Amino acid sequence: MSHNEFKQMIQLSLYGELSDDKQKKLISHLESCEECRLELEHQKKIMMLIADHKNLEVNEELLKEARIQLRGALRQERNNRSSVYSFTNYIFQLFSTPPRLAFAALSVLILGIIIGSNFIGRGEITAPEKNPEFTNASMFDNDLRISNVQFIDSNPTDGEIEFTFEAAKQVHYKGSVNDPRVQSFLTYAMLNDQNPGSRLNSINAMDTYKKLSLDKEVKNALITVVMTDKNAGVRREALKLMNRTAFDESLKQAYLYVLLNDSSSALRIEALNALIEANKNGHSLDRNDLDLVVKQANQDDNNYIKLKSKTLLQEYN
Amino acid sequence: MESSEKELIIKAQNGDSIAFEQLVYYYDKAVLSIALRYVRDTDDAKDIYQEVFIRVFRGLKKFEFRSEFSTWLFRITTNVCITFKSRKKEQMIVSLQEQIDDDQTGYETIDMISKERSPEEETSGNDLRFLIGNAVDSLSARQRITFVLKHYEGYKIREIAEMLNCKEGTVKKYLFDATNNLKKKLKPLNAFQT
């Protein structure tokens, strides 16, 4: 057995993971080998140094911060799933019955017609003969916009080509703000629209209606926007609308998250005010929450927040 | 009665967010601990923690109880740790050797541990930690995660092999190479001169 193998055994022995047989063999070898005895001393010293270095421990505060951030990320994950699902359902419902079949038929029909017209718009648009079941050309009376045509096979040597495209259709819809389908659409827009103005309008469209009744999905979406939207204006409007929903644990966590993490002092103040208001209404904070408020009271560079945080803490002392 | 882990997993697979949260709370301190000791930065550790549980959330429906949940979870954790560091490679601190070459403070710290330390000298313990931390940082991603799991988290070689999805012999090799590399990096310390 080589010195190198014994050196590996020394390491395993120090870990307590060497079998009894090998342990005996190692001890016997160490008695006669100066080099390996030195190696043993070196490895012991390394382990001692590393053990001294073991100074990074997870404390409760770090764990709590990580959990709050995770909740925000999970909420966004869930909302993305549910809003995409609701939105897709909603879009399907806009088409005639049976909706999914119509949508599928529409896609296949477009594909067939484009192939049939050979991309140059010769003659009238008609359904291809090979697809006699999709003959309702009236579907194309609407403004269907086709874009982003990508060729998979553009060389018709065998008479066939293959491609993909996106089809968009403008939809006009009118309904009550309390209509679940309207709320579903607005929720999708506030979470996913690229344009911050559209996200803002989606929130404001609900906020301006006094008899608004929000469901849980919208509430969760608002919390996600408050915690994750890159635009401070959008976050602030979402926070305002969120204030109109019933206070609960998820709202409390969102306010604490904003108070601790938001770069805008205006939003941190709004969040703190909401917590103070909730406290007045009997929704008191627990010890861990108070610790976070104390942390903010000490760290925030905004004097108003420092003062208000301390006022809130005094109410508990 | 508290739900068993399997029940929690099944509930979470069916969309029960409270069950998922309970499942997270069983293991999240261990995940955060591995991440923190691996990256030695609280913000990075929180990023890893979040990515791990988002991946668990996304993949839970496909979890078919072919392995322990904890094995699967820690396998994700080690994967995220390894890839996280490679993404942030440019931010890695200079190697211990460069530090010692460039910074006289390094020599002072090295000399310090070759003798008994006075209470005053103990205050420089942070420098020593910095040096050792840098030496650990200089290990390859797989050597380092193996080293962290063994030395800081105290897992058995068999458990680490399951997490890394490799053979026990491979883990032993990572640990052996890691120790040799650390010895080289810490060679200027008198204690390791042969």
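The model shown is predicted, which means the values in this text are computed figures rather than measured ones. Just so you know, these numbers use all the heavy atoms, side chains as well, and skip hydrogens, waters and symmetry mates. Proteins come first, then strands; the chains are lettered A, B, ... in the order of their sequence lines, and each starts at number 1.
For the atom pair CD1 (B/I54) and CG (A/L74), the distance works out to 4.5 Å, reported to the nearest 0.5 Å. A distance of 4.5 Å separates NZ in B/K46 from CD in A/Q69, rounded to the nearest 0.5 Å. A distance of 9.0 Å separates CG in B/D43 from CG in A/L62, rounded to the nearest 0.5 Å. One finds the OG atom of B/S17 at 11.0 Å from the CZ atom of A/R71 (value rounded to the nearest 0.5 Å). Going from atom CG of A/L12 over to atom CZ of B/F176 covers 9.5 Å, rounded to the nearest 0.5 Å. Between the NE2 atom in B/H151 and the CG atom in A/L14 there is a gap of 9.0 Å [rounded to 0.5 Å].
Between the side chain of A/Q11 and the backbone N or O of B/L175 there is at least one donor-acceptor pair closer than 3.5 Å.
Pairs engaging residues 253-271 of chain A under the salt bridge (Lys or Arg N to Asp or Glu O under 4.0 Å) rule: A/R235-A/D262, A/R236-A/E270, A/R268-A/D300, A/R268-A/D301 [sequence neighbours left out].
The only member of B/K150, B/K172, B/R158 that meets salt bridge (charged side-chain N to carboxylate O under 4.0 Å, His left out) when paired with A/E17 is B/K150.
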Determine, stepwise, if the pair A/E57 / B/K29 fulfils salt bridge (Lys or Arg N to Asp or Glu O under 4.0 Å). CA-CA 10 Å; A/E57 298 286 346; B/K29 197 169 182 179; over 6 Å; no

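Heavy-atom neighbours of A/K252 NZ from other residues, nucleotides or ligands within 6.0 Å: above the threshold of 12. More than 12 heavy atoms of other shown residues, nucleotides or ligands fall within 6.0 angstrom of atom CD1 in A/I27. No more than 12 heavy atoms of other residues, nucleotides or ligands lie within 6.0 Å of NZ in A/K22, so this atom counts as exposed by the packing criterion. Counting non-hydrogen atoms of neighbouring residues, nucleotides and ligands closer than 6.0 angstrom, the CD atom of A/E5 exceeds 12 such neighbours. Other residues, nucleotides and ligands contribute more than 12 heavy atoms inside 6.0 Å of the CG atom of A/N59.
With a 6.0 Å cutoff to the six-membered ring centre and a 45° limit on the axis angle, A/R67 does not count as a cation-pi contact of B/F53.
Residue contact with chain B, scored on non-hydrogen atoms closer than 4.5 Å, involves the backbone and the side chain of A/N4 alike. If you measure heavy-atom distances from B/Y25 to chain A, the contacts under 4.5 Å come from both the backbone and the side chain.
Every residue two or more places apart in sequence or in another chain that forms a salt bridge (Lys or Arg N to Asp or Glu O under 4.0 Å) with A/E35 is listed here: A/K7.
Side-chain polar atoms of B/T179 and A/Q43 form no donor-acceptor pair below 3.5 angstrom.
The side-chain heavy atoms of A/L70 and B/D28, taken from C-beta on, include no pair separated by under 4.5 Å.
Comment: A/E39 engages B/K183 in a salt bridge, judged by a side-chain N to carboxylate O separation of less than 4.0 angstrom.
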